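A short write-up of the structure that comes next.
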Amino acid sequence: MAMAMTMASCTSVPCNTNRTRSPAMAPSFVTGVSPISISLPAPISIDQRSRRWDPLVVQAVSDSQKSQTCLDPDASRSVLGIILGGGAGTRLYPLTKKRAKPAVPLGANYRLIDIPVSNCLNSNVSKIYVLTQFNSASLNRHLSCAYSSNMGGYKDEGFVEVLAAQQSPENPNWFQGTADAVRQYLWLFEEHNIMEFLVLAGDHLYRMDYEKFIQAHRESHADITVAALPMDEKRATAFGLMKIDDEGRIIEFAEKPKGDALKAMKVDTTILGLSEERAKEMPFIASMGIYVFSKDAMLQLLRDKFPDANDFGSEVIPGATKIGMRVQAYLFDGYWEDIGTIEAFYNANLGITKKPVPDFSFYDRSAPIYTQPRYLPPSKIKNADITESVIGEGCIIKNCRIHHSVVGLRSCISEGAVIEDSLLMGADYYETENDKKYLASVGGIPIGIGRNAHIKRAIIDKNARIGDDVKIINKEGVQEAARETDGYFIKSGIVTVIKDAVIPNGWVI
């Protein structure tokens, strides 16, 4: 049985891809290390910003174990991270009914936003803004609890700060898209004495060393560098594809091409570092929606060249190639998942239970995933049969069977329950014994999974109350159903019980 946990390392090794980070780069309340302040060198000079670096011998593929990264100036001084909170998240509804997409729980203990923030901290990017707009209360609360303290010591060099959409006399509109969101806060971003903007999405699952990404950007003298995934023909039709020249420079874009248009987008991915064998299997590259912009290029594009453009991927970046800017591709040949739909979210979560190697591991000591410290007790398991599952903190599990499932923090599972191929998000709080006695006296249902309940291929959102003898098994194989008044939806055959929903005793879904 695997137990979900947060791990962090406190060793610092200079100029090595596989190093762990200095304690000052990680929130000390997660690692258990006392706050450390760092005296940084003098601000970046104009000469430093404009100079060209002698290229190192570096393979572009981001998970290469041979690459070295020695950024000068280093990322903590020269890069500003901008994480985009995303839109309304309609495809993830009802998980986004009461929260923003990046605030959706992940992997028993975490939230989606923890992925890009942790990637930043592990990559020495310590100045981070998160732009939010929809249902952002829980996201703001999580970021505040997880990352607000001790990020940069007494000099406050590092931070994770939330920027909400707002109206102003100059712009009375909310964020209209990714580029518009950044444009509305350019006045703040340009105050920072940095060289590059690292633009990230808040709803992707992957582990990436952004320092290598930034180094490739500098070595190629690019204005913009776009992270790209190698694709086979089967998957390529679902993505926006890019075509590159023999230097890895992007020269053409195509949105979800098919037929002859798809064949025309084939590229030689050995240019970006793939082996010849892998390049034959993966002859297409797709944009990951992750970008490095040189500071001057970002200001010029959003203010002068494309002042009305709302989106980076479909407007600003294709426009930049057309006006002659150097837009470079950077290949990421690792696990990456866009958590955009219920099915993708479900598969990504259950993927962490795979044996012997999960799709995405939370146990990588060199690049840990940080989250909010909750100080919960260890999970208590009484005579339960648990196989191929991940159990979060603070759970109480009694005499039940759990197979191939992810059980979130504070989950309470009663006697006789059977949980299969499911994701339980857990609860935000524990009910007291007095609460439970009162509920029993009035015929109520406590938070958690009731006695003899059977749950299969389902997502149970937080604080849901599943009664005794309930069966959530989608026996008839319904693919799509909206039963919000009854507390659940079915999408792609996956039953999702809404947050705070009550499923009465004996119900069959």
Side-chain angles (χ1 to χ4, degrees), residues 93-95 97-99 105 108 342 346 349-350 379-387 389 391-392 394-509:
Y93 196 87
L95 300 180
K97 181 179 181 179
K98 297 182 179 180
R99 58 170 78 90
I342 290 290
Y346 172 85
N349 272 277
L350 291 196
S379 290
K380 184 187 296 184
I381 300 169
K382 300 179 180 179
N383 196 29
D385 178 11
I386 303 176
T387 55
S389 296
I391 310 296
C395 299
I396 300 174
I397 300 172
K398 305 174 184 176
N399 194 20
C400 62
R401 184 165 69 87
I402 301 172
H403 174 70
H404 189 229
S405 296
V406 176
V407 179
L409 48 86
R410 301 189 192 89
S411 288
C412 294
I413 304 176
S414 299
E415 298 89 341
V418 176
I419 314 295
E420 302 174 281
D421 307 323
S422 294
L423 167 61
L424 312 186
M425 291 190 181
D428 290 318
Y429 56 92
Y430 292 114
E431 289 179 322
T432 66
E433 289 303 316
N434 287 336
D435 291 335
K436 293 176 183 177
K437 287 178 183 177
Y438 173 75
L439 286 169
S441 69
V442 297
I445 297 172
I447 288 176
I449 311 301
R451 292 180 180 85
N452 302 312
H454 186 185
I455 299 172
K456 185 173 183 178
R457 193 171 163 76
I459 299 171
I460 310 299
D461 207 341
K462 281 191 169 183
N463 309 332
R465 300 169 186 268
I466 309 298
D468 296 343
D469 302 306
V470 167
K471 295 188 186 302
I472 304 176
I473 55 177
N474 193 11
K475 187 175 181 180
E476 297 178 3
V478 176
Q479 290 300 299
E480 305 290 329
R483 301 289 294 273
E484 188 160 3
T485 55
D486 292 329
Y488 69 92
F489 279 73
I490 302 177
K491 292 187 175 182
S492 301
I494 301 163
V495 179
T496 302
V497 175
I498 300 170
K499 185 179 181 183
D500 301 312
V502 178
I503 306 299
N505 295 335
W507 268 40
V508 177
I509 298 177

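Positions are given from 1 along the sequence. Heavy atoms only: backbone and side chains are in, while hydrogens, waters and symmetry mates are out. On a predicted model such as this, the values are computed, not experimentally measured, just so you know.
- Scanning both residues, Ile466 and Ala453, for their nearest heavy atoms gives CG2-CB, 4.5 Å.
- With values rounded to the nearest 0.5 angstrom, Ile498 atom CD1 is found 9.5 Å from Leu95 atom CG.
- With sequence neighbours left out, Val508 forms a side-chain contact (heavy atoms from CB on, under 4.5 Å) with Lys471.
- Of all non-hydrogen atoms in Leu350 and Ser422, the two that sit nearest each other are CD2-O, 3.6 Å.
- Counting heavy atoms from C-beta outward, Ile449 and Ile419 have side chains that approach closer than 4.5 Å.
- In this view, Asp469 satisfies the side chain to side chain donor-acceptor pair (under 3.5 Å) rule with no residue, not counting sequence neighbours.
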query: Ile413 and Leu424: side chain to side chain contact (heavy atoms under 4.5 Å, CB included), yes or no, with the steps?
result: CA-CA 10 Å; Ile413 304 176; Leu424 312 186; 3.7 Å; yes

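- The two residues Ser414 and Gly450 come nearest to each other via the heavy atoms CB-C, 3.7 Å.
- Side chain of Asp385 to main chain of Arg401: no donor-acceptor pair is present (N/O by atom type, distance under 3.5 Å, no hydrogens or angles).
- For Lys380, there are no salt bridge (Lys or Arg N to Asp or Glu O under 4.0 Å) partners at least two apart in sequence or on another chain.
- Applying the side chain to side chain donor-acceptor pair (under 3.5 Å) rule to Asp421 yields the partners His404; only residues at least two apart in sequence or on another chain are considered.
- Minimum interatomic distance between Pro94 and Thr496 (heavy atoms only, all atoms of both residues): CG-CG2, 3.8 Å.
- Checked against side-chain contact (heavy atoms from CB on, under 4.5 Å), Glu480 has the following partners two or more places apart in sequence or in another chain: Lys491, Ser492.
- Pairs engaging residues 439-459 under the side-chain hydrogen bond (donor to acceptor under 3.5 Å, both in side chains) rule: Glu420-His454 [sequence neighbours left out].
- Of all heavy-atom pairs between Gly487 and Ala501, the closest is O-CB, 3.6 Å.
- For the pair Asn463 and Ala427, the tightest heavy-atom approach, listed with the atom from each and the gap, is OD1-CA, 3.3 Å.
- By the side-chain contact (heavy atoms from CB on, under 4.5 Å) test, Ile509 pairs with Ile472, Tyr488, Val495, Ile503, sequence neighbours left out.
- Within the structure, ring-ring contact (aromatic ring centres under 6.0 Å, His included) pairs that include any residue of residues 418-451 do not occur (at least two apart or interchain).
- Atom CD1 in Ile494 sits 7.5 Å away from atom CD1 in Ile342 (nearest 0.5 Å).
- The CD1 atom of Ile397 lies 4.5 Å from the CD1 atom of Ile386; values are rounded to the nearest 0.5 Å.
- Between the CD1 atom in Ile391 and the OG atom in Ser389 there is a gap of 5.5 Å [rounded to 0.5 Å].
- At least one donor-acceptor pair under 3.5 Å links the side chain of Ser379 to the backbone N or O of Gly392.
- Within the structure, every pair that satisfies the salt bridge (Lys or Arg N to Asp or Glu O under 4.0 Å) test and touches residues 493-509, not counting sequence neighbours, is listed here: Lys98-Asp500, Asp428-Lys499.
- Every residue two or more places apart in sequence or in another chain that forms a ring-ring contact (aromatic ring centres under 6.0 Å, His included) with Tyr93 is listed here: Phe489.
- Under the salt bridge (Lys or Arg N to Asp or Glu O under 4.0 Å) criterion, Arg99 pairs with Asp461, not counting sequence neighbours.
- A search for salt bridge (Lys or Arg N to Asp or Glu O under 4.0 Å) contacts involving Asp486 returns Arg483, not counting sequence neighbours.
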